[in-house]
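The block underneath contains the structure these notes are about, expressed in structure tokens.
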Number of protein chains: 2
Amino acid sequence: MQGNNHDDVRRHNLSIILRLVHRGGAASRAQLTRLTGLNRSTIGALVAELVERGLVEERTPDPTKLAGRPSPIVAASDRVVAIAVNPEIDAITVGVVALSGVVHRSIRFATPTTPTVAEAVAITASIVTDLRRDLGKYSIIGMGVAVPGLVRAHDGLVRNAPHLGWVDEPLCDLLAEVTGLPVVAANDASLGVTAERYFGAGQGMTDLIYLNGGSSGIGGGLVVGGVAAGGRAGYAGEFGHTKVSAGCRTDSAGIAGTLEAEVTRGALLDVLGLPAGQTDADDLERALLASTAPAVRAEVNRQVDFLAVALAGAVNILNPELIVLGGFLAALYVVDPGRLTRAVAALTLGTAFDEVQIAPALLGSNLLLIGAAELAFETLLLDPQSESGNSAGLSPLSVRAAGSATAAV
Amino acid sequence: MQGNNHDDVRRHNLSIILRLVHRGGAASRAQLTRLTGLNRSTIGALVAELVERGLVEERTPDPTKLAGRPSPIVAASDRVVAIAVNPEIDAITVGVVALSGVVHRSIRFATPTTPTVAEAVAITASIVTDLRRDLGKYSIIGMGVAVPGLVRAHDGLVRNAPHLGWVDEPLCDLLAEVTGLPVVAANDASLGVTAERYFGAGQGMTDLIYLNGGSSGIGGGLVVGGVAAGGRAGYAGEFGHTKVSAGCRTDSAGIAGTLEAEVTRGALLDVLGLPAGQTDADDLERALLASTAPAVRAEVNRQVDFLAVALAGAVNILNPELIVLGGFLAALYVVDPGRLTRAVAALTLGTAFDEVQIAPALLGSNLLLIGAAELAFETLLLDPQSESGNSAGLSPLSVRAAGSATAAV
DNA sequence: ATGATACGTTGCCAATGTCAACAAATCATC
DNA sequence: GATGATTTGTTGACATTGGCAACGTATCAT
């Protein structure tokens, strides 16, 4: 059933070390020795191989104030990068994320209309071509795409992205053909939970669920037993269609009484009297916190109570350590944390589920870029001996536009 | 974070081979070579070690009708056994299950009243003592307990078994002390899904959910991404408390409108006019299939529709390959498969979830024994080099009572 | 400057799976 | 019934890998 090993040992050990410095940040060789349980000499040899492959760099030790020979710091390379892509209804965002976790670039290309697949591919290809010119010294591992819709895990086919109007589009193949890079795609919320799990609110946890509230609905992802759950075909995490009421409001799939039908950003904006277009998640949160209007409070309470039903259902089934809320759901939680916590507790098996925590998402606008890049890195992390990317290009990266700066191209 | 390996290679390979012959049944050495991708000589050496440890046996080849030297058949031992225990409200069932999958014994000890923990331990200890006398030639690996309630994964503490009235009982420790065997416990429904996954309706699947309807409520278990999901503390799978209606009937936890409140065996028996005590799942299924009364049909439809809400919620979140229904839920499904299938489809994201299948549980009365034994075997399967049980006893096992025979002791 | 401590480096060793050559056991054909 | 083809077990040499112990090295404390 499962393959076995001889040189798999090496691959596995290289994989573990690369994962540790990628996800846990830089670590000394001595720390790696303790974390892995491997011998000092082995760690030395393994790190040497990773350095030779250009995947990690060794720095002179930090001043540690401790006796003994200082241990070199091993850090994931800044030069090994993945391209992260996130198509949305009004823009295509392309990011350059390094194995070290640094987001070198984040380019948001606004589109006048909702992009078709062909447009999205063309725009992405154009940005990538420009980036390659700038990214001379960098090694591009591959491309990860965060799609707001159902993505078939098997081949990255976009089965249905309702808000983009994409149905059965071979996005991965198209992007791979145009860019020559290996391309992987997944649902955006599934990537969100990956990002939060490794770099955000869920660090070190093995069982967590993530719900994101966007302008077009509610999606999510889950990690079960340390494994990002995709389900049979990669469609897992559709929390938005959980039935939470007997009401007749319907969601985007035409199902009545679901979480996505009852809990909406639009209803919050309406009751606050805010315009839909220019209000982002932070604005909404501020407005909710500032408002004392009874109508606002009533709507918040109504939505929180429905959210609690969906969360309680998931908690009873999955018994997670942590529930991470993103987008406007985070705002809903922050406005009245006690109400949601109590409502969930009332609907779950009391004492047994006391330990469940709820937290807002930590990663902001970079969430999806980090998640998509992580997807692209996964191949490399699984087998650091595989051909490590193709560094094609000319000049070094200029330093502008680091972080999550937004720039038209 | 994760340990690494040197001799781990051997352990891993031994583990894989033992798993293959345990779960997939006997296989020839040639088949093992293909399945594992290992070399013939390696398979030879590994199998030899397993034979020496008494974990597998080699038989002369079957007549294969093919050219070439016949390959010896490797089969998991019948002599290596686990004790499986399942306390219920009116009986304690103890089974002897071999690594080969054979259920050597199944002993149901009826109790006049709901057993306390002390009684359950005493009864089990007494049966095990008797068994040991009979099981001379057998090697007892350990004991697995299927508990109808919440079991903390960490240490096997029974947090809350409402129908037995057990709260925070260190059942594992008590049984281990009395019998001297390593004891592991888990929720009964979680073990049910394990059994169905390896030996029943879900063979070879990586994403499935299992719901069991018993006289005292609805529990379940899930396998996500090939891993049996326990959740943070092992409480995952409590499907019974999913909210499915706005009604005010309450479940055993006092929550209104849940699956367990609306979908009950009792209501079916009432409408059928059957007595609660003597009707088992098969009787109920027969009665439901035979009845044409409108009231019965109406109640079935009502329950099926509520069941669909809970299943749809789980499907949207988990995107499983298969839903396995056990106990009276299987009866509910079999009476009108189309209705449940259609109702679930209507509440999930159409096309994307078309492939979800629903099936009744395959394993009958042995389900929990097999699941509990699997739990006990897990240690051995993970590391076949660990001390493989203590064969203490005198005379060989008499051949009576194989299969699922029920006998008082 | 000396010692203690902690860590990297080096060479040797043991364990394990692979490989190739050979032997064995079956079937098909004459 | 003998021969060849085919498939598989067996055996011994081999390569790779991590562990280990001894030694060298870099820091801190006195």
Side-chain angles (χ1 to χ4, degrees), chain A residues 2-18 20-21 26-53 56-75 383-385, chain B residues 2-18 20-21 26-53 56-75 383-385:
Chain A
Q2 309 94 319
N4 306 49
N5 28 15
H6 181 195
D7 35 63
D8 292 3
V9 180
R10 204 79 204 291
R11 189 180 319 154
H12 181 227
N13 288 339
L14 287 171
S15 171
I16 284 182
I17 293 178
L18 192 56
L20 281 172
V21 298
S28 72
R29 266 156 73 169
Q31 284 176 305
L32 292 176
T33 302
R34 283 181 226 109
L35 288 169
T36 61
L38 293 172
N39 195 280
R40 288 194 299 225
S41 37
T42 308
I43 291 290
L46 293 169
V47 169
E49 178 166 349
L50 291 176
V51 168
E52 195 185 356
R53 290 178 181 279
V56 304
E57 284 154 13
E58 279 194 300
R59 287 203 306 262
T60 55
D62 292 331
T64 59
K65 297 283 176 200
L66 285 171
R69 178 175 178 173
S71 189
I73 304 295
V74 181
D383 180 11
Q385 293 178 323
Chain B
Q2 308 93 318
N4 305 49
N5 29 13
H6 182 196
D7 35 63
D8 292 3
V9 180
R10 204 77 204 291
R11 189 181 319 153
H12 181 228
N13 287 340
L14 287 171
S15 171
I16 284 182
I17 293 178
L18 193 56
L20 280 172
V21 298
S28 72
R29 265 156 73 170
Q31 285 176 304
L32 293 176
T33 302
R34 283 181 227 108
L35 287 169
T36 61
L38 292 172
N39 196 281
R40 289 196 302 235
S41 32
T42 309
I43 291 291
L46 292 169
V47 169
E49 179 166 347
L50 291 175
V51 168
E52 194 185 358
R53 289 178 182 279
V56 305
E57 283 153 14
E58 279 192 300
R59 289 202 305 261
T60 54
D62 292 331
T64 59
K65 296 282 176 200
L66 285 170
R69 178 173 177 173
S71 190
I73 304 295
V74 182
D383 181 11
Q385 293 178 321

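Per chain, numbering begins at 1; letters A, B, ... match sequence-line order.
Between the C1' atom of C:dA6 and the CD atom of A:Gln31 lies a distance of 13 Å, rounded to the nearest Å. Rounded to an integer number of Å, the gap from CD of B:Gln385 to P of C:dA15 is 12 Å. Across the protein-nucleic acid pair, A:His12 atom NE2 and D:dG18 atom P stand 11 Å apart, rounded to whole Å. One can place CD1 of A:Ile73 at 14 Å from C1' of C:dG8, the figure rounded to the nearest angstrom. Atoms CG (A:Leu14) and C1' (D:dT17) sit 11 Å apart, rounded to a whole Å. Between A:Leu32 atom CG and C:dC7 atom P there is a gap of 12 Å when expressed in whole angstrom units. The distance from atom CD1 of A:Ile43 to atom P of D:dT17 is 15 Å, rounded to the nearest whole Å. In this structure, A:Arg10 places its CZ atom 11 Å from P of D:dG19, rounding to the nearest Å.
Distances shorter than 4.0 Å separate none of the side-chain N or O atoms of B:Arg29 from OP1 or OP2 on D:dT8. Between A:Arg69 and C:dT5, a side-chain N or O to OP1/OP2 separation shorter than 4.0 Å is absent. A close approach under 4.0 Å does not occur between any side-chain nitrogen or oxygen of A:Asn13 and OP1 or OP2 of D:dT17. Contact annotation: B:Ser41 side-chain N/O to C:dT18 OP1/OP2 distance is not under 4.0 Å. Residue A:Arg34 places at least one side-chain N or O under 4.0 Å from the OP1 or OP2 atom of C:dC7.
The residue among B:Asn39 and A:Thr42 whose nearest nucleotide of DNA chain D is located toward the 5' end is B:Asn39. In this structure, B:Ala45 and B:Arg40 both approach DNA chain C, and ranking their closest nucleotides by distance from the 5' end singles out B:Ala45.
If you check every strand for non-hydrogen atoms under 4.0 Å, B:Arg11 touches nothing. At the heavy-atom level, A:Thr33 lies nowhere under 4.0 Å from the strands shown. Using a 4.0 Å heavy-atom criterion, one finds that A:Ser71 contacts the sugar-phosphate atoms exclusively. Contact annotation for B:Pro61: no contact, since no heavy-atom pair falls under 4.0 Å across all strands.
When all heavy atoms are compared, the tightest approach of B:Ile73 to B:Ala26 is CG2-CB, 3.7 Å.
By the 4.5 Å heavy-atom criterion applied to side chains, B:Ile16 and B:Leu46 are not counted as neighbours. Between A:His12 and A:Val9, every side-chain heavy-atom pair lies at or beyond the 4.5 Å cut-off. Put simply, the side chain of A:Arg40 does not reach to within 4.5 Å of the side chain of A:Arg29, judged on heavy atoms. Between A:Ile17 and A:Ile43 the shortest side-chain heavy-atom distance falls below 4.5 Å.
When each of C:dG17, C:dA25, D:dG9 is scored by its nearest atom to the side-chain atoms of B:Leu38, the top-ranked nucleotide is C:dG17.
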